[in-house]
Amino acid sequence: MAEKEYIYFPGCSLEASAIEYDMSVRKVLTSLGVKLIEPDDWSCCGSTPAHSVDHVFAAAVAARNLAIVEKMGASTVITACPACLSAFKKAHLRMKKEESFKKEVNAILDEPYNCGVTAKSVLQILLEDIGPKAVAEKVTTDLPDLKVAPYYGCIINRPPEIMEFDDPENPLAMDKLMGAVGVNVCDFAFKVECCGAAFGVAKRKMVNELSSKVLTMVLDAGANCLVVTCQLCQQNLDLRQGQINSTMGSSFNIPVLFFTQVMGLTYGYSPQELGIDKHNVNAESLIKSRRPVEERIKEEQEKAKAKKPKAKKAEEEES
Amino acid sequence: MRVGVFICHCGNNIAGTVDVAKVAEAARMMPGVAFATTYMYTCSEPGQEEIKEAIKREKLDRVVVAACSPRMHELTFRRTVEKAGLNRYFFEMANIREHCSWIGEDKELNTNKAIEAIKLAVEKAKQNKSLVASRFKINKRVLVIGGGVAGMQAALDCADGGLDVVLVEKSPSVGGMMARLDKTFPTVDCSICILGPKMVDVSQHEKINLYAYSEIEEIKGYVGNYQIKIRKKATYVDWSKCTGCGACIEKCPSRNAYDSFNFGVAPARAINIPFPQAIPKKAKIDAQFCRQFIKGKCGVCAKFCPVGAINYEMKDEIVTEDVGAIIVASGYGLIDLDKLPEYGGGRYPDVISGIQYERILNASGPTSGHIERPSDHTEPKTIVFVSCAGSRDKSIGIPYCSNFCCMYIAKQTILTKDHIPDSQSYVFYMDIRAPGKGYDEFTRRAQEEYGAKYIRGRVSRIYPKGKKMVVKGADTLLGTTVEIEADLVVLATAVTATPDARMLAEKLHISYDQNGFYVESHPKLRPVETNTSGVFLAGACQGPKDIPASVGQGSAAAAKVLSIFSKDTLESDPQIARVNTNVCVGCRKCIGTCPFGAIEEQQLRDGRIVANVIETVCAGCGICNSTCPCGAIQLQHFTDNQLLAEVNALCLT
Amino acid sequence: MTVEKLKEAVRKILPEVDVVIGYRQGFDPLHATPFFMTKPEQVDQLIWNPLCVQNLCSYLPFLKGKVGVIVKGCDSRAIVQYMQEKLIARENVKVIGVPCLRVISVKKVLAAINQQSVQEVTFEGENILVKTPEGQKTIPLADVAPRKCATCQLATPLQYDLLAGDAIQSNKPQDTFEETKEFEKLPLKERRAYWEKEFDRCIRCYACRNACPMCICQDKCIAESRDPHWTSQRANVTEKSMFHMIHGLHLAGRCISCEECERVCPMDIPVAKIKKKISMDLKELFNYEAGMNPDDTPPLYTFKIEEATIKEHEL
Amino acid sequence: MSYVAGKELRIVGFLCNWCSYGGADTAGVGRFKQPTDLRIIRVPCSGRVNPLFVIKALLNGADGVLVSGCHPRDCHYSDGNFYARRRLEMLKRLLPFLGIDDRRFHYTWVSASEGARWKNVVTDFTKAIHELGPFHQKEEKTE
């Protein structure tokens, strides 16, 4: 029984290199009673390489998809990919603001886009529409050994005037969701620091340095795993770890998971169902200790009982 | 009617882009104009002489000067015509400089525009009526708002000049920001040591009535006669009994009050005295932290107070004071760290603001002058100072320079080295701004004698790494990025207007700029005056300012007040509303719309009710004039007929 | 309600007041005229029928002492507006309210009978019967009612001390300013031409002003004064327009839509049209209708620090 | 003696003494170049501006009228511009009903420190009036 329906735009990478992101998104949202409808005949979002060559064309490519959504009678489209999200939002906002630009873009399109669709990330609807409370209710499984550092990357909430979600310098959306599903979240200072992925081909040395810093900070924060919301972050930080280790003399072995994969684990899905086995760095050692959530609750209650007399005493002392 | 028109060249300022000879020729053709001439500088003494002579020679009864803005010289020329025996309101000014020669590029168009401006002024002048100012007595008491160094200086100078002073300070003690500082630049003398005696003088001066922990509630009246309502905030301690012994503070069980004097460096007790040298040295309770108020039971301080001064039932009290002038010295504020998310936004305890560091350095501060990190109380060895933390940053709406940060950072690096000889200070800066006497030498000493390393560039991010804070920035001189692992980071947070600056300005009817700082009458020539007569400015409420500048302004404002109070009466402006009782139908609409309550009902002998303007209360805005349906109430010098003459001069062709 | 009930009410009130203002027949049976009653024997001449169109409240701000007045629903807004503006002391006025569903427009009746002289007028049900030298003509009242009656919401006056008859409810639709909105659809040029043509016909007789219950300046009107000298006596369309703008703007937020100005205009200039437009705008901006609530303040004599409905205009 | 035909149109500005007149002075001191069409009438406060002045100007020959006061809350007389805002807004809505393009009348707020803003207001308003063209095509009918 679906309580909510969303038009869901997967985008190119979630059909290929990041198919596990798509798998986990679908699993998690299904568990939460959300029905996802994929628009017919969706096409490239325009994020690359069009946007670095021709703004009108890039916006037209994005607007084509938004027009399809608009024609379906929906006012919201969701996507997991920050690049698609950014492309949609940029095209939408500029068309809405500049009548002349809108005309230019619509002149290219068969069906005009009338600026009636808001694009949101899966992260945003999980936090705002569904809410941490509902997200927490579906948890069945505890992950006692997992200590995650949420890494937001560069574009999910920047530039703030376009993305209009969360704090651009200290975002908390994933922290809140991870907290809601009972995972240990570490205070991570490099949440929005550049990992260098955009220069992955051109300037490998620089990327290695930047990514290495991010990974170092993960360990400094006391975490053993990165959770991400962007498949490019995931790919860069996961696949490159070997390269970094060999060039920088480090020995990182930090799994990089999509936040939906971690949520899926707490909802009781297997690592295979969530595509965790597709990653380069193996997460098995961190998640093999998973157990029914009731066990943790029991453990916590016992701890609290043992603590209580002490706490009471301390309180008395204070007064 | 014989109008004389005097057209000023203003050197080349006007004559450069306006054909003044042609303008004079056109003016001579205007109906009513008996004489028109041009002069190089009409405002000069010979220029004014020429006007006086022409008035007598040509028997002029109206004078128009076409020159700069009337906001500049209207008063000058009014006096000139008055000296020649004309009523000063028979004078009109045409602005052909600011509104014409300086802004238009086409000489033909400018010339024509100047002619029209004169035509407008001539038509208005012909409608002008003789107006005579009446005199009224002034109340020679002065209100000083703000007990920082500027306000105290102003209060002391006024009091020494024989005036009664009402000094209102928002916080429980006078002293302001300067009382919080450790040392002052560039002399590195102890701040409280030089301020303390002034504070004592303020409290002991028989002419100064200090209201500490009080705010301005309402201001009514006009220059010479203001009625001020002051809200004395409830301290819950009877200050007539409190001896400042501190017994209550020692016993207070609520230990987590926010210490606004120390900018939150360490917690305070719910009942507190801000600092040892406080004037008055009296305790007050912060109700939002006090157990008695939160939980309804405690009463510890009341139990321990040896003189029974605690009174939990105390309420705010409103007192009224009548004064004749007001000096505003309400000071400045600082941005919160949460405006700087890239520097942690206040999340990291070892990233602090400059004023917090000042309190840490201060011997009477929460750490007794030992420099320690707020997180673990260890002594920092590497300290990074970031100047322009928010200042000169349009993206957060602070485009201006905060004026004194460069200097206090230099001072803080010197003090740091004095306290911890094996420490190393780094300073990230945009430009070193040290224009005062001995200032540049001082910043050089910080670098050359005290070894502070100055890095020219901005900081992009501050993040924790283990126990250290990593400061990542650019070194624009080397053209590279730098990262410094610091034990403590000090941000020179931007200076802002105080949060309630706008509210106070509205009460005072003075204007403020887009940043909330008060606007002076003239940026160069009237720096402590405002456009509201009787209200003067001193210190950082007008813009970020260091101590010597604030003290200078305090004295300047006091001198202005003493000068207007040197007479017993003031002239009232006759440009106020007047009622033609023959025409007034008694509809009372003017009474309801007057913002000053300056209009009252009056019953004539025939029983008719008409409006009556209270001369001393009317401020001359003319709202009543545009409200009155029958035109019975007319704002003198801006009457309907005067404005209609101007409209007609422009439109009827 | 019968005229007898009204007479009874007047007789009851007369001893308490100096004068009661009502209606009696004018120069012919089609015209009613204001009637000032000071003695009981005068009350016999009092009439009440749909020809009693004048707003008798207009006299109130200029009368001293205690006054009784006969007031229809529409007229009663003047009383409320006077109270808002403190132009009358309510305790000095005895209001005799009369329920009324519609009056009739004499101009419309005369048009229907070809401007002939009237010998006799009688009312039968919802019809007016007019006898002329050419014979008798029966006209439905609804056909000759003035515009304002079509959307009248005040069948019973808002204010009265004594109601002659039973209170009744209005059965009319609310005014949606259709006419105003239609006019606004015309091209700008046509609107300007329209007003130039209309105002050019004005003979500056000031009847509109004199009939207006809210034109309290009367002989002190700035349209005729030299100080201030807003308009000259030149008979061009600019000066005529200026007079009408003065009239219109002085009524902004005060016009009670009685349309007396238009009724009395000898040139049939649609002078109420501008006032209606302003009333529409002020209702939209400030949710204000003049003459409805004695505790209101006319919107142009007050302000809010934040005006939710006024947007800053971009250039 | 009138505006320079062909180059200028007749624009009348009512400026409050404390803010906008000062803002225009500031623009002058800063040498912010502006079109020359505008003629300025100084009033103490925007609350002094009876809407009838605007109508008088428009009916008698102006092609555009500009009223500028202190920003709301900044009025030297505390409330003048609040009254002005209501009255002028009503006027702005009324003008098109009379067949006068409402772009011929603009009211705005410019403070004494906003020289650059004043230049923009004058430039944009003058441009708008030139786009609309002259309001009074023919000579006025005489009596």
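Labels below follow one simple rule: chain letters A, B, ... track the order of the sequence lines, proteins then strands, and each chain is numbered from 1. All values reported here derive from a predicted model rather than from experimental measurement.
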Pick one of side chain, backbone, both or neither for [X], based on which atoms fall under 4.5 Å of a heavy atom in chain B.
X      : value
D:K7   : side chain
D:V65  : neither
D:F14  : side chain
D:A27  : backbone
D:F32  : backbone
D:S111 : neither

Flag the pair D:R42 and B:E92 as a salt bridge only when some basic side-chain nitrogen lies within less than 4.0 angstrom of an acidic carboxylate oxygen.
no
Short N-O contact, B:E98 and D:R31, less than 4.0 angstrom:
no
Distance in Å, [X] [atom1] paired with [Y] [atom2], rounded so as to fall on 0.5 Å steps:
X      : Y      : atom1 : atom2 : value
B:C100 : D:Q34  : SG    : CD    : 10.5 Å
B:S511 : D:H76  : OG    : NE2   : 8.5 Å
B:I510 : D:W18  : CD1   : CH2   : 13.0 Å
D:D79  : B:H509 : CG    : NE2   : 7.5 Å
D:Y77  : B:C594 : OH    : SG    : 11.5 Å
B:L120 : D:I40  : CG    : CD1   : 10.0 Å

Hey, is NZ on D:K127 packed in by over 12 heavy atoms from elsewhere, all under 6.0 Å?
no
Please check if atom CZ in B:R588 has more than 12 non-hydrogen atoms from other residues, nucleotides or ligands closer than 6.0 Å.
yes
For B:T627, which atoms come within 4.5 Å of any heavy atom of chain D: side chain, backbone, both, or neither?
both
Between B:D640 and chain D, with a heavy-atom cut-off of 4.5 Å, which part of the residue counts as in contact: side chain, backbone, both or neither?
both
[X] vs [Y] side-chain heavy atoms within contact, under 4.5 Å:
X      : Y      : answer
D:R48  : B:L635 : yes
B:S626 : D:F53  : no
B:P595 : D:S78  : yes
B:L650 : D:I41  : yes
D:N17  : B:R71  : yes

Out of [options], return the one with the most heavy atom pairs under 4.5 angstrom to chain D.
options                        : result
B:Q642, B:M29, B:E646, B:R502  : B:E646
B:V519, B:T593, B:N110         : B:T593
B:A121, B:P523, B:A619, B:C624 : B:A619
B:H99, B:Q514, B:E506          : B:H99
B:R97, B:H637, B:E108, B:K507  : B:E108
B:L643, B:L644, B:I103         : B:I103

Nearest non-hydrogen partners of [X] and [Y], listed with the distance:
X      : Y      : value
D:K33  : B:W102 : NZ-O, 3.0 Å
B:K113 : D:L38  : CE-O, 3.1 Å
D:V12  : B:C651 : CG2-SG, 3.9 Å
D:Y21  : B:S69  : CE2-OG, 3.6 Å

Side-chain donor or acceptor of [X] paired with backbone N/O of [Y] under 3.5 Å:
X     : Y      : answer
D:K56 : B:N648 : no
D:T36 : B:G104 : no
D:R39 : B:A117 : no

Are a donor atom and an acceptor atom from the side chains of B:N95 and D:D25 found within less than 3.5 Å of each other?
yes
Looking only at D:G30, D:G28, D:C16, most heavy-atom pairs under 4.5 Å shared with chain B are made by D:G28
